[in-house]
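Read the structure below first, then the notes.
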Amino acid sequence: MNLKRQRDHAQEAVNYAFQVLHGGTVRQNGTKVNTKKTIYLNQQVLIGARSFCVYSEDMNISFLTVIVLLGLAPPAVIIDSPLAAPVTTKGVAVPAAFAAAPVAAPLDLNDMVRFDGDVVARVSIRSAQDLMLVNQLSDDMWSHHVGIGGDADFRMSQADLGILDRVGIPYRVTIPDLQNRIDTERTRLAQPMEGLAWFSDFKNLAAVNARLDELVAAYPNLVSIVTAGTSVQGRTIRGIRISRYPVGTVLPAFIFTGTLHAREWASTMTTMWIADQFVENNTIDPRISAVLNSVEVYVFPVQNPDGYEHTWATGGNRLWRKNRRLNSGSTYGVDLNRNWGVGWGGSGSSGSISSETYRGTAAFSEPESQGMRDFVLARPNLVGHIDFHSYSQLWLWPWSYTTTLSPDQAALSAVGIPMKNAIAAVNGKNYTAGASGSTYGLTGGCIDDWTYGNQGIMSGTIEVRDTGTYGFVMPTSEIIPNARENFAAAITMIEKLLASSPITITLAPGSAVANNTTSTVEIQTLPVVSTLITNGVRLKWSLNGGTTQSAVMASIGGNKYRASLPAMSCGSQLSWFVEAETKFIITRAPLNNPTSFNLTSTATCPNPADLDGSGSVDISDLSFMLLEFGLCSDPLNCPADLDHSGEVDNGDVSLLLLEL
């Protein structure tokens with residue numbers, strides 16, 4: 001069955017369902033259907049319902065659900081429809097109100113897509129039939145997720161609102177004139193911005209990339225450009241690395257990403273603010289300075305450069321969400337946050353190429369997700385990740401694809417709740433926090449499920465401001481307050497993970513120890529974020545700058561652990577530290593800093609030519625040697641035999657004279 005016929009059957013089945021569920025007479029081509037024609041009805045319902053499910057997977061309504069809904073009101077009890085008289089659309093009788101609903105036209109690349117007459121409405125979804133109707137009216141859901149028993153935001157036309165009124169679905173308009181909001185933004189952005197602070201307004205892709213380059217130029221010893229592949233249209237996905245240490249230094253790493261969804265400009269500015277704060281305040285702010293003594297930070301402000309460019313470009317679409325993959329004909333785009341390998345193909349994603357949540361032909365079908373995947377795979381030291389989106393004021397951690405809590409729920413919460421509190425402490429904004437699938441509904445194939453599930457990284461999604469007053473078209477007055485509170489979440493994540501298993505050294509050898517004697521190290525560590533892995537507490541050392549060696553510290557009770565440093569001969573030095581490894585991170589003492597060590601040395605070896613132990617080689621030592629001149633009666637106890645030849649001779653005198 002071709003797509004057009006599927007859509008016709010789908011529309012017919014849905015029309016029948018709505019008329020049945022809302023008390024209407026079933027009509028076919030303008031004529032009442034005889035209730036005795038059950039065979040015809042059953043065939044049409046089955047074919048149409050199956051088509052409906054194929055065509056509209058993103059609605060999260062199963063084939064069985066459609067049949068159950070239709071069965072709630074059998075044909076024998078159908079009464080006249082309260083909806084307007086049907087009209088014919090594509091040869092199928094539909095209510096007039098449905099026929100009036102706008103049909104998306106192919107994108108006209110010669111003009112910016114407009115939304116004249118459209119509003120954003122917050123709709124109360126009370127039942128599965130409400131959900132079906134609203135998804136038929138709008139293909140543009142603005143909320144993070146929609147489910148039965150909650151509210152969700154949709155872009156709609158005035159005619160769509162009329163249908164909601166007629167069937168009695170509660171709603172309220174949050175943005176009454178969407179196009180006016182966009183026009184105001186465009187007019188403002190067209191004005192010259194010279195002399196204005198960088199965060200005074202939103203910035204396009206060229207300005208974002210230029211700012212990254214400026215940070216590198218201003219702080220070359222701290223910042224460097226990193227890339228994560230290229231987009232469908234060949235644009236480089238650019239970010240920065242922020243670190244006091246050379247590339248390759250083994251230390252924990254954190255990554256902050258934004259703009260997987262092109263229209264979410266607030267996420268772009270939030271990640272840019274995070275980058276700016278870590279760089280510009282790297283020595284000024286004590287928290288930032290302490291963090292950068294211990295970690296490296298990666299920031300990718302725009303993971304979807306083609307889509308983001310499209311939201312700015314002449315001929316583009318301010319509300320474009322997906323990448324710019326040409327799927328078929330004039331249908332574009334894959335939802336890059338449904339294209340990852342963990343949970344791919346699950347609920348909250350669609351197999352329909354026209355859907356806003358189209359997941360692609362396979363996990364990692366898109367070069368953008370492939371590039372970010374490969375970047376992460378190449379850095380096994382990554383321990384923390386936040387992917388920023390807008391909007392809804394949510395802080396959600398895995399899982400997203402299932403309501404089952406992850407095995408690390410306690411650890412994720414132990415870091416996540418302090419992050420939520422850190423956000424609230426800045427401006428008083430409340431963010432809902434919790435496991436994504438069980439807190440806010442299912443979304444399969446998300447980036448944070450993969451970074452957590454595949455790589456073991458503590459990960460999650462933050463949906464930034466606001467809760468619907470502005471939606472995706474945020475005013476400039478919100479940029480910095482929003483960015484400040486989400487930077488607080490980012491640095492709190494780093495601090496909490498660095499302190500996830502704090503180590504206290506309770507017994508340590510001094511800076512100098514006796515020659516050829518082992519020394520004991522005892523520590524105490526109590527994990528506060530996650531549990532220690534098996535053999536996860538280790539003592540590590542390097543003798544005189546050589547290869548690092550390791551010993552597992554034995555548990556001695558009371559969260560204490562013990563191990564021994566090896567014996568050293570005179571004049572040796574050990575550099576040593578202790579590490580404790582949990583699911584997410586390895587913490588170290590001292591300072592979590594790979595260039596800081598405890599130093600333990602033996603006494604300096606005495607000069608063998610100082611035969612009388614006076615501390616200097618002088619004539620007295622020569623006199624001592626002359627007394628010993630000749631064969632050694634005890635070769636093992638013959639101090640004047642400096643060259644160990646078995647006798648004190650001219651060779652030993654020569655060595656002593658060199659030391660005088």
Whether the [X] and [Y] side chains hold a donor-acceptor pair (N or O, under 3.5 Å, no angle test) is what I'd like checked.
X    : Y    : value
T259 : T268 : yes
D448 : T451 : no
N486 : Y431 : yes
Y391 : D153 : yes

### Task
Output the distance between atom CD (E463) and atom OH (Y440), rounded to the nearest 0.5 Å.
8.5 Å

Can you list the residues that meet the side-chain hydrogen bond (donor to acceptor under 3.5 Å, both in side chains) rule with [X], with sequence neighbours excluded?
X    : answer
S365 : N339
D387 : T257, Q303, H389
T403 : none

Please find out if less than 6.0 Å separates the ring center of [X] from that of [Y].
X    : Y    : value
W312 : W320 : no
W399 : W397 : no
F154 : W142 : no

Donor-acceptor pairs under 3.5 Å, side chain of residues 468-480 to any protein atom, not counting sequence neighbours: which ones?
residue	atom	partner	partner atom	Å
E478	OE1	R465	NH1	3.0
E478	OE2	R465	NH1	3.4

Would you mind listing every salt bridge (Lys or Arg N to Asp or Glu O under 4.0 Å) that reaches into [range], with sequence neighbours excluded?
range            : value
residues 330-355 : R321-D335, D335-R338
residues 398-423 : D408-K583
residues 182-191 : R114-D183, E185-R318, R188-D201

### Query
Which pairs count as ring pair (Phe, Tyr, Trp, His ring centres under 6.0 Å) when at least one residue sits in residues 115-136, sequence neighbours excluded?
none

### Query
Going through the distances and angles, do N327 and V334 end up as a side-chain contact (heavy atoms from CB on, under 4.5 Å)?
CA-CA 8 Å; N327 296 318; V334 170; 4.1 Å; yes

#### Entry: Closest approach of S400 to C446 (non-hydrogen atoms, all atoms of both residues)
CB-SG, 4.2 Å

Going by the rule side-chain contact (heavy atoms from CB on, under 4.5 Å), which residues pair with [X] if we only count those two or more places apart in sequence or in a different chain?
X    : value
T432 : L394, T439
D177 : Q179, N180
N421 : I417

### Summary
D306 meets the salt bridge (charged side-chain N to carboxylate O under 4.0 Å, His left out) criterion, sequence neighbours left out, with R235

### Query
Going through the distances and angles, do D139 and S355 end up as a side-chain contact (heavy atoms from CB on, under 4.5 Å)?
CA-CA 7 Å; D139 62 355; S355 170; over 6 Å; no

### Y171: which of I169, V173, T174 passes side chain to side chain contact (heavy atoms under 4.5 Å, CB included)
V173

### Message
Looking at K322 and E356, is any side-chain nitrogen of the basic one under 4.0 Å from a carboxylate oxygen of the acidic one?
### Response
no

